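In this text, all values refer to a predicted model and were calculated from it rather than measured experimentally.
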Amino acid sequence: MRTIKKILCAVDFSEATAPVSSYAVLFANALGASIEVLYVAPDLQRYNLFEVPSRDIDSFVDNIIGGAEKNMRKCLDTEFANTKAHGVVRTGYAPQKILEYAEETGAEAIIIGSHGRRGVDRIVFGSVAEKVVKQSRIPVVTVPVRHE
């Protein structure tokens with residue numbers, strides 16, 4: 001069995017962030033590992049097809065990234081306070097960016113939330129966690145987060 005010294009924790013700044021983060025911290029403390037915290041913002045370039053000017057999309061995405069970076073700092077201060085953690089915001093397709101960042105950083109495990117969507121919600125939103133689990137070359141821990 002391989003040693004796990006770096007964990008990637010994917011967050012979305014929803015109510016899922018706290019339970020997912022607590023598992024990442026639990027694992028990191030037990031294993032003596034560091035945590036790479038990742039948020040992936042959508043790039044929205046597909047909306048160019050609707051004749052939305054690229055500069056408007058870029059401006060909107062810049063605002064999203066700015067807000068996400070503020071949320072990341074807050075998340076690191078609250079959820080990862082006494083842990084060796086580093087936070088990053090990326091843009092793009094979340095499953096792909098999570099897997100790319102895991103490889104880039106040398107993460108040996110991924111911890112991600114699963115919202116447990118069903119029916120139409122699952123068809124519309126898909127499952128980032130499911131795609132990561134199916135394509136990952138390293139272990140993935142999914143934390144169930146239910147909406148009651």
Side-chain angles (χ1 to χ4, degrees), residues 4-29 33-117 120-148:
I4 296 175
K5 290 296 175 190
K6 188 174 288 187
I7 297 167
L8 188 154
C9 179
V11 297
D12 64 2
F13 303 133
S14 73
E15 67 280 352
T17 298
V20 171
S21 300
S22 66
Y23 271 92
V25 169
L26 177 72
F27 278 74
N29 288 341
S34 65
I35 304 171
E36 291 288 333
V37 184
L38 175 66
Y39 172 77
V40 181
D43 67 12
L44 305 180
Q45 289 306 314
R46 66 182 171 268
Y47 293 105
N48 283 334
L49 299 173
F50 300 112
E51 298 183 21
V52 176
S54 184
R55 70 181 178 282
D56 292 345
I57 294 171
D58 292 342
S59 176
F60 185 62
V61 170
D62 287 346
N63 287 330
I64 291 171
I65 292 169
E69 287 172 344
K70 287 179 187 174
N71 282 346
M72 180 61 75
R73 287 189 294 276
K74 181 180 174 185
C75 180
L76 289 171
D77 289 345
T78 57
E79 305 298 336
F80 298 93
N82 298 306
T83 309
K84 186 177 175 188
H86 172 255
V88 170
V89 173
R90 296 282 168 95
T91 59
Y93 180 59
Q96 176 186 0
K97 293 299 176 179
I98 291 166
L99 295 167
E100 286 174 1
Y101 194 66
E103 188 170 325
E104 177 185 323
T105 60
E108 290 107 357
I110 298 170
I111 298 180
I112 188 169
S114 176
H115 291 276
R117 291 187 176 103
V120 175
D121 276 354
R122 185 149 189 264
I123 292 167
V124 173
F125 296 109
S127 172
V128 172
E130 180 181 11
K131 289 175 178 89
V132 169
V133 167
K134 286 182 175 180
Q135 297 175 24
S136 182
R137 293 185 175 136
I138 59 176
V140 179
V141 175
T142 59
V143 179
V145 181
R146 300 279 182 232
H147 302 285
E148 302 298 327

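Evaluation of the salt bridge (Lys or Arg N to Asp or Glu O under 4.0 Å) rule for E103 yields no partner, not counting sequence neighbours. Applying the side chain to side chain contact (heavy atoms under 4.5 Å, CB included) test to D62 and every residue at least two apart in sequence or in another chain returns nothing.
Note that the CD atom of E15 and the CG atom of D12 stand 7.5 Å from one another [nearest 0.5 Å]. A distance of 12.0 Å separates OG in S21 from CG in L26, rounded to the nearest 0.5 Å. For the atom pair CG (N29) and CG (N82), the distance works out to 8.5 Å, reported to the nearest 0.5 Å. Note that the CD1 atom of I112 and the OG1 atom of T142 stand 8.5 Å from one another [nearest 0.5 Å]. Atom CD of E100 is separated from atom NZ of K97 by 4.5 Å, given to the nearest 0.5 angstrom. The distance from atom CZ of F80 to atom OG of S22, rounded to the nearest 0.5 Å, is 9.0 Å.
Residue K5 comes nearest to E108 through the heavy atom pair N-OE1, 2.8 Å, listed as atom of the first residue, atom of the second, then distance. Residue S136 comes nearest to I110 through the heavy atom pair OG-CD1, 3.9 Å, listed as atom of the first residue, atom of the second, then distance. Taking both residues in full, the closest heavy atoms of A41 and I64 are given as CB-CG2, 3.8 Å, listed atom of the first, atom of the second, then distance. Here the closest non-hydrogen pair linking A107 and I138 is O-CD1, 3.4 Å. Looking at every heavy atom in both residues, I98 comes nearest to L38 through CA-CD2, 3.7 Å. A pairwise comparison of heavy atoms in V132 and P95 identifies CG2-CA, 3.9 Å as the closest pair.
Here the side chains of R90 and E104 are in contact, with some heavy-atom distance below 4.5 Å.
Side-chain atoms of K6 come within 3.5 Å of backbone N or O of T105 as a donor-acceptor pair.
Heavy atoms of other residues, nucleotides or ligands lying less than 6.0 angstrom from CG of N63 number more than 12. Around OH of Y101, the count of heavy atoms belonging to other residues, nucleotides or ligands within 6.0 Å exceeds 12. Within 6.0 Å of CZ on F13 lie more than 12 heavy atoms contributed by other residues, nucleotides or ligands.
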